[in-house]
Amino acid sequence: MTKLYCIFVGLLLLFMYSCGNDLNEVKKFANEERVPISSTRNVEMLYSDSARLRAKINAPLRETYVGKDGFIEFPKGIKVEFYGVNSKLESKLKANYAKSFTGQERMEAKNNVVIESTSGDKLETEHLIWDQREDRIFSNVFTRITSPDRVIYGDGFESNQDFSKYRILKVKGIINLNE
(Lines give C-alpha, C1' and ligand atoms only; values in the text may rest on other atoms or scores of the structure.)
Protein backbone atom coordinates (compact mmCIF):
# COMPACT_ATOMS: atom_id res chain seq x y z
CA MET A 1 0.00 0.00 0.00
CA THR A 2 2.84 2.39 0.87
CA LYS A 3 4.54 1.61 -2.43
CA LEU A 4 1.33 2.36 -4.32
CA TYR A 5 0.94 5.61 -2.36
CA CYS A 6 4.51 6.69 -3.26
CA ILE A 7 3.91 5.95 -6.97
CA PHE A 8 0.66 7.91 -6.89
CA VAL A 9 2.28 10.94 -5.18
CA GLY A 10 5.24 10.75 -7.59
CA LEU A 11 2.97 10.71 -10.63
CA LEU A 12 0.89 13.55 -9.20
CA LEU A 13 3.99 15.69 -8.63
CA LEU A 14 5.28 14.90 -12.12
CA PHE A 15 1.91 15.77 -13.64
CA MET A 16 1.66 19.04 -11.70
CA TYR A 17 5.21 20.02 -12.64
CA SER A 18 4.64 19.35 -16.33
CA CYS A 19 1.47 21.50 -16.43
CA GLY A 20 2.51 25.11 -16.54
CA ASN A 21 1.50 28.21 -18.46
CA ASP A 22 3.86 30.92 -19.53
CA LEU A 23 2.29 34.23 -18.46
CA ASN A 24 3.24 35.87 -21.76
CA GLU A 25 1.52 33.07 -23.69
CA VAL A 26 -1.63 33.52 -21.61
CA LYS A 27 -1.63 37.30 -22.23
CA LYS A 28 -1.06 36.76 -25.95
CA PHE A 29 -4.02 34.40 -26.14
CA ALA A 30 -6.23 36.76 -24.15
CA ASN A 31 -5.38 39.67 -26.48
CA GLU A 32 -6.10 37.64 -29.62
CA GLU A 33 -9.55 36.64 -28.42
CA ARG A 34 -11.40 39.93 -27.87
CA VAL A 35 -14.89 39.41 -26.61
CA PRO A 36 -17.39 42.24 -26.11
CA ILE A 37 -18.33 43.03 -22.52
CA SER A 38 -21.83 43.93 -23.69
CA SER A 39 -24.04 43.48 -26.73
CA THR A 40 -27.16 45.56 -27.29
CA ARG A 41 -29.77 45.14 -29.97
CA ASN A 42 -31.87 47.87 -31.64
CA VAL A 43 -29.83 50.76 -30.26
CA GLU A 44 -30.59 54.48 -30.42
CA MET A 45 -27.85 56.83 -29.21
CA LEU A 46 -28.01 60.62 -29.02
CA TYR A 47 -24.98 62.93 -29.18
CA SER A 48 -25.38 66.47 -27.91
CA ASP A 49 -23.18 69.51 -27.47
CA SER A 50 -24.16 72.35 -25.13
CA ALA A 51 -27.64 70.80 -24.76
CA ARG A 52 -28.13 70.77 -28.56
CA LEU A 53 -28.79 67.56 -30.43
CA ARG A 54 -25.88 66.99 -32.85
CA ALA A 55 -26.43 63.40 -34.01
CA LYS A 56 -28.73 60.43 -33.56
CA ILE A 57 -27.41 56.91 -34.17
CA ASN A 58 -29.54 53.84 -34.79
CA ALA A 59 -28.10 50.34 -35.16
CA PRO A 60 -29.41 46.77 -35.03
CA LEU A 61 -26.42 45.65 -32.92
CA ARG A 62 -23.87 47.45 -30.72
CA GLU A 63 -20.94 45.62 -29.13
CA THR A 64 -18.73 47.28 -26.51
CA TYR A 65 -15.07 46.32 -26.00
CA VAL A 66 -13.01 47.72 -23.12
CA GLY A 67 -9.32 48.04 -22.39
CA LYS A 68 -6.54 50.33 -23.44
CA ASP A 69 -7.83 50.41 -27.01
CA GLY A 70 -11.54 50.16 -26.19
CA PHE A 71 -14.13 50.67 -28.91
CA ILE A 72 -17.78 50.28 -29.80
CA GLU A 73 -18.55 48.22 -32.87
CA PHE A 74 -21.67 48.20 -35.04
CA PRO A 75 -21.12 44.98 -37.04
CA LYS A 76 -24.59 44.91 -38.63
CA GLY A 77 -24.62 48.48 -39.88
CA ILE A 78 -25.51 51.93 -38.69
CA LYS A 79 -27.72 54.92 -39.54
CA VAL A 80 -26.76 58.39 -38.34
CA GLU A 81 -28.76 61.62 -38.56
CA PHE A 82 -26.76 64.86 -38.22
CA TYR A 83 -28.45 67.94 -36.79
CA GLY A 84 -27.49 71.60 -37.02
CA VAL A 85 -28.68 74.69 -35.18
CA ASN A 86 -32.14 74.49 -33.65
CA SER A 87 -31.86 70.68 -33.93
CA LYS A 88 -32.69 70.83 -37.63
CA LEU A 89 -31.92 67.65 -39.61
CA GLU A 90 -29.15 68.39 -42.14
CA SER A 91 -27.85 65.04 -43.38
CA LYS A 92 -28.05 61.27 -42.97
CA LEU A 93 -25.35 58.60 -43.09
CA LYS A 94 -25.78 54.84 -43.68
CA ALA A 95 -23.09 52.15 -43.64
CA ASN A 96 -22.93 48.36 -43.38
CA TYR A 97 -20.28 48.53 -40.62
CA ALA A 98 -19.03 51.13 -38.14
CA LYS A 99 -16.59 51.39 -35.26
CA SER A 100 -16.40 54.16 -32.66
CA PHE A 101 -13.12 54.62 -30.80
CA THR A 102 -13.70 55.22 -27.09
CA GLY A 103 -12.15 58.43 -25.80
CA GLN A 104 -11.09 59.64 -29.25
CA GLU A 105 -14.45 61.04 -30.42
CA ARG A 106 -13.86 59.37 -33.78
CA MET A 107 -15.98 56.95 -35.75
CA GLU A 108 -15.18 54.99 -38.90
CA ALA A 109 -17.84 53.76 -41.31
CA LYS A 110 -17.15 51.11 -43.95
CA ASN A 111 -18.86 49.17 -46.73
CA ASN A 112 -21.53 50.88 -48.81
CA VAL A 113 -21.28 54.22 -47.01
CA VAL A 114 -23.86 56.76 -48.19
CA ILE A 115 -24.41 60.32 -46.95
CA GLU A 116 -27.41 62.33 -48.12
CA SER A 117 -27.93 65.99 -47.33
CA THR A 118 -31.27 67.75 -47.10
CA SER A 119 -30.13 69.92 -50.05
CA GLY A 120 -30.10 66.87 -52.35
CA ASP A 121 -26.38 66.01 -52.42
CA LYS A 122 -25.43 62.34 -52.08
CA LEU A 123 -21.98 60.93 -51.26
CA GLU A 124 -21.03 57.29 -51.86
CA THR A 125 -17.77 55.70 -50.69
CA GLU A 126 -16.43 52.56 -49.02
CA HIS A 127 -14.71 54.18 -46.02
CA LEU A 128 -15.01 57.42 -44.12
CA ILE A 129 -14.01 58.89 -40.79
CA TRP A 130 -16.18 61.18 -38.65
CA ASP A 131 -14.05 63.34 -36.35
CA GLN A 132 -16.51 64.59 -33.75
CA ARG A 133 -14.03 66.98 -32.12
CA GLU A 134 -13.53 68.88 -35.36
CA ASP A 135 -17.09 68.36 -36.68
CA ARG A 136 -15.72 66.99 -39.94
CA ILE A 137 -16.06 63.93 -42.14
CA PHE A 138 -13.32 62.76 -44.49
CA SER A 139 -11.97 59.87 -46.54
CA ASN A 140 -9.02 59.02 -48.77
CA VAL A 141 -10.66 56.33 -50.94
CA PHE A 142 -12.75 56.50 -54.12
CA THR A 143 -15.73 58.81 -53.66
CA ARG A 144 -18.71 59.76 -55.78
CA ILE A 145 -20.84 62.82 -55.05
CA THR A 146 -24.09 63.32 -56.89
CA SER A 147 -25.81 66.69 -56.70
CA PRO A 148 -28.91 67.89 -58.56
CA ASP A 149 -26.78 69.25 -61.44
CA ARG A 150 -23.60 67.10 -61.59
CA VAL A 151 -21.70 63.97 -60.54
CA ILE A 152 -18.11 64.30 -59.26
CA TYR A 153 -15.63 61.41 -58.85
CA GLY A 154 -12.40 61.49 -56.89
CA ASP A 155 -10.07 59.80 -54.46
CA GLY A 156 -11.16 61.16 -51.11
CA PHE A 157 -13.13 64.08 -49.75
CA GLU A 158 -13.42 66.47 -46.82
CA SER A 159 -16.66 67.83 -45.44
CA ASN A 160 -18.15 69.54 -42.44
CA GLN A 161 -20.28 67.30 -40.22
CA ASP A 162 -23.60 68.24 -41.80
CA PHE A 163 -22.24 67.73 -45.36
CA SER A 164 -23.27 71.25 -46.40
CA LYS A 165 -19.71 72.24 -47.44
CA TYR A 166 -17.44 69.66 -49.04
CA ARG A 167 -14.60 69.24 -51.46
CA ILE A 168 -13.42 66.27 -53.49
CA LEU A 169 -9.74 65.38 -53.35
CA LYS A 170 -7.90 64.19 -56.48
CA VAL A 171 -10.86 64.81 -58.78
CA LYS A 172 -11.10 62.18 -61.53
CA GLY A 173 -14.09 63.53 -63.40
CA ILE A 174 -17.12 65.79 -63.37
CA ILE A 175 -20.27 65.01 -65.30
CA ASN A 176 -22.74 67.87 -65.68
CA LEU A 177 -26.35 66.79 -65.74
CA ASN A 178 -28.79 68.59 -68.05
CA GLU A 179 -32.56 68.46 -67.79
Side-chain angles (χ1 to χ4, degrees), residues 34 36 40-177:
R34 289 201 80 159
T40 310
R41 297 195 186 288
N42 301 318
V43 175
E44 180 175 275
M45 299 167 47
L46 303 175
Y47 284 91
S48 63
D49 181 21
S50 303
R52 289 191 200 136
L53 180 63
R54 301 294 289 160
K56 180 167 58 170
I57 297 175
N58 289 291
L61 179 62
R62 170 191 161 161
E63 297 181 334
T64 304
Y65 296 80
V66 295
K68 185 178 91 172
D69 300 320
F71 58 90
I72 298 170
E73 187 174 46
F74 303 92
K76 294 190 176 201
I78 191 169
K79 293 180 182 177
V80 182
E81 295 177 346
F82 294 101
Y83 295 87
V85 278
N86 301 324
S87 298
K88 181 183 172 191
L89 178 65
E90 295 184 339
S91 61
K92 295 179 181 182
L93 176 146
K94 289 189 298 185
N96 291 345
Y97 172 87
K99 189 174 187 178
S100 178
F101 297 90
T102 309
Q104 296 180 21
E105 295 185 52
R106 184 173 62 98
M107 179 182 283
E108 289 189 38
K110 296 179 182 180
N111 305 331
N112 297 316
V113 181
V114 177
I115 299 177
E116 294 181 82
S117 72
T118 54
S119 64
D121 294 329
K122 180 179 178 181
L123 175 136
E124 298 168 274
T125 189
E126 286 300 311
H127 180 245
L128 69 78
I129 298 169
W130 170 28
D131 186 330
Q132 298 160 22
R133 289 181 183 156
E134 296 182 17
D135 287 336
R136 85 182 185 115
I137 300 169
F138 60 95
S139 178
N140 61 359
V141 299
F142 180 77
T143 302
R144 173 184 164 162
I145 295 183
T146 306
S147 65
D149 61 341
R150 66 183 174 197
V151 179
I152 307 170
Y153 299 92
D155 287 328
F157 78 98
E158 295 177 346
S159 171
N160 57 347
Q161 177 175 287
D162 63 15
F163 194 55
S164 61
K165 297 175 188 163
Y166 60 82
R167 74 182 191 127
I168 297 285
L169 307 175
K170 299 180 188 171
V171 174
K172 289 187 171 187
I174 299 173
I175 300 171
N176 291 316
L177 304 174

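Remember, it's a predicted structure, so these values are computed and weren't measured experimentally.
To the nearest 0.5 angstrom, Ser147 atom OG is 11.5 Å from Leu123 atom CG.
By the 30° and 60° cut-offs, the orientation of the rings of Phe101 relative to Phe71 is tilted.
Remark: Glu124 engages Val114, Lys122, Arg144, Thr146 in a side chain to side chain contact (heavy atoms under 4.5 Å, CB included) (not counting sequence neighbours). Residues that satisfy the salt bridge (charged side-chain N to carboxylate O under 4.0 Å, His left out) test with Asp155, not counting sequence neighbours, are Lys172. Remark: Leu53 engages Leu46, Tyr83, Ser87 in a side chain to side chain contact (heavy atoms under 4.5 Å, CB included) (not counting sequence neighbours). Applying the side chain to side chain contact (heavy atoms under 4.5 Å, CB included) criterion to Pro60, with sequence neighbours excluded, gives Lys76. Judged as a side chain to side chain contact (heavy atoms under 4.5 Å, CB included), and not counting sequence neighbours, the contacts of Thr64 are Ile37, Ser38, Arg62, Ile72. For Phe138, there are no ring-ring contact (aromatic ring centres under 6.0 Å, His included) partners two or more places apart in sequence or in a different chain. Glu81 is linked by a salt bridge (charged side-chain N to carboxylate O under 4.0 Å, His left out) to Lys56, counting only residues two or more places apart in sequence or in another chain. Residues passing the side-chain hydrogen bond (donor to acceptor under 3.5 Å, both in side chains) test with Glu126: none are found, sequence neighbours excluded. Evaluation of the side-chain hydrogen bond (donor to acceptor under 3.5 Å, both in side chains) rule for Tyr166 yields no partner, not counting sequence neighbours.
Counting only residues at least two apart or in different chains, salt bridge (Lys or Arg N to Asp or Glu O under 4.0 Å) contacts with residues 104-113 comprise Glu105-Arg133, Arg106-Glu108.
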Step-by-step salt bridge (charged side-chain N to carboxylate O under 4.0 Å, His left out) determination, Glu116 to Lys92: CA-CA 5 Å; Glu116 294 181 82; Lys92 295 179 181 182; over 6 Å; no
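When all heavy atoms are compared, the tightest approach of Thr125 to Phe142 is OG1-O, 2.8 Å.
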